[in-house]
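Remarks on the structure that follows.
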Number of protein chains: 2
Amino acid sequence: MLEINSRPAAPAEGLTIAEAAERTGVSVHTLRYYERAGLVVTPVDRTPGGRRRYHPRDLRWIDLCTRLRATGMPIRTIRRYAELVTAGPGNEPERLALLEAHRTEVAARLTELQSHLARIDHKVDTYRGRLAEGRAEGFWAPGE
Amino acid sequence: MLEINSRPAAPAEGLTIAEAAERTGVSVHTLRYYERAGLVVTPVDRTPGGRRRYHPRDLRWIDLCTRLRATGMPIRTIRRYAELVTAGPGNEPERLALLEAHRTEVAARLTELQSHLARIDHKVDTYRGRLAEGRAEGFWAPGE
DNA sequence: AGTTGATTTCGAGCACGCTCGAAATCGTAG
DNA sequence: CTACGATTTCGAGCGTGCTCGAAATCAACT
């Protein structure tokens, strides 16, 4: 466990895939899947033996992917974004457009979700009210 | 088209599946699929020849299903709810619990979505700012 | 050197929610 | 009566996003 003097610096830098999985909340299987799917901006560093070593930049990128996924961006679109980033400078407007389009979409879904939620809330409330009054029998009409 | 005196009432009541699909925004394929999947509370009415005829109650139920689906409730859970409703009076508390659990879940996802959206917004904003200043080159760090 | 556990690649498999196709039947218009 | 379009059932197929398994390799400890 000691590596006090293993110069020219510890070769054991970076996190193992298991550690990266733990920190990002993504399974190791999924981490590898993302990589295979092209959701990378920079090839993940490897040890001489071929094991992945995750650096902060990788974790930040994965976090971004997670957020995009959580907001419903399809894998292929994230890949597209990753490709743009990988392609280097010159396509920033396109990247921005992609993100803005997503933003708009998410905002729309959010609004819609809220409205659906409100109606479900209403249903729950009337349901609860009727139950409290003991006259819930026969109540199922979806329209209320 | 005239049915002025076709007693004991027009036998052509209710909407065809195509009409129901149009009104609910669900494809005819999906309507039939929902039925097969057990997402029904009352067997859909049929013409003597076997064609489905949708009545207002059916449309309201489908709308509810649509809202539940749109808020992420899995098919099997909707089926469970449908079963409870079909089972008749006596299980209202269970139905209410099911809906409330869903409500809670949706509210949580909503909050999470909002936070994700905020971070994406922030990224878009800084991105846009840098672009405007002409120093977007090299900018891709997911952490900002 | 040997053992043990993590990691690798790669392809297959799975869960979900539709979506489609084929072949038969219905029903309406001419 | 004939045509033709809509509808029926049923099973198969598909797209997405993982998830898993097998067999090989790596690495750390004893």
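These numbers come from the heavy atoms of this one structure, side chains and all, not from hydrogens, waters or symmetry mates. Since the structure is predicted, the reported quantities are computational estimates derived from the model, not experimental observations. Chain identifiers are assigned alphabetically (A, B, ...) following the order of the sequence lines, protein sequences preceding nucleic acid strands; residue numbering begins at 1 within each chain.
The side chain of B:R76 lies closest to C:dC16 when the candidates are D:dG17, C:dC16, C:dT19. The nucleotide whose nearest atom lies closest to any side-chain atom of A:I75 is, among D:dC18, C:dC18, D:dT8, D:dC18.
Judged as a side chain to side chain contact (heavy atoms under 4.5 Å, CB included), and not counting sequence neighbours, B:R36 has no contacts. A:T86 pairs by the side chain to side chain contact (heavy atoms under 4.5 Å, CB included) definition with A:V41, not counting sequence neighbours. Judged as a salt bridge (charged side-chain N to carboxylate O under 4.0 Å, His left out), and not counting sequence neighbours, the contacts of B:E94 are B:R80. Scored by the side chain to side chain contact (heavy atoms under 4.5 Å, CB included) test, A:R76 finds A:P74, A:R79 as partners (sequence neighbours excluded). With sequence neighbours left out, B:D45 forms a side chain to side chain contact (heavy atoms under 4.5 Å, CB included) with B:R53, B:H55.
Atoms CD (B:E35) and P (C:dG17) sit 18 Å apart, rounded to a whole Å. Remark: C1' of C:dC18 and CD1 of B:I78 are 13 Å apart, rounded to the nearest angstrom. Atom pair B:R53:CZ and D:dT7:C1' shows a separation of 9 Å (rounding to whole Å applied). Between B:R79 atom CZ and C:dC18 atom P the separation is 13 Å, expressed in whole Å.
Regarding contacts with the backbone of C:dC26, every side-chain N or O of B:T47 stays at 4.0 angstrom or more from both OP1 and OP2. OP1 or OP2 of C:dT19 sits under 4.0 Å from a side-chain N or O of B:T30. For the pair B:R52 and C:dC26, the criterion of a side-chain N or O lying under 4.0 Å from OP1 or OP2 is not met.
DNA chain D is contacted by B:I17, B:A18 of residues 17-27 of chain B, taking any non-hydrogen atom closer than 4.0 Å.
Applying the side-chain hydrogen bond (donor to acceptor under 3.5 Å, both in side chains) test to pairs two or more places apart or on separate chains, those with a residue in residues 103-113 of chain A are A:R103-B:D121. Residue pairs satisfying the salt bridge (charged side-chain N to carboxylate O under 4.0 Å, His left out) criterion with at least one member in residues 23-33 of chain B, sequence neighbours excluded, are absent.
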Nucleotide N/O of nucleotides 20-24 of chain C paired with protein N/O under 3.5 Å:
none

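Shown here for B:V124 and A:L99, the closest heavy-atom pair between the two residues is CG2-CB, 3.7 Å.
Among the atoms of the strands shown, only primed sugar atoms or phosphate atoms (P, OP1, OP2) are found under 4.0 Å from some heavy atom of B:R69.
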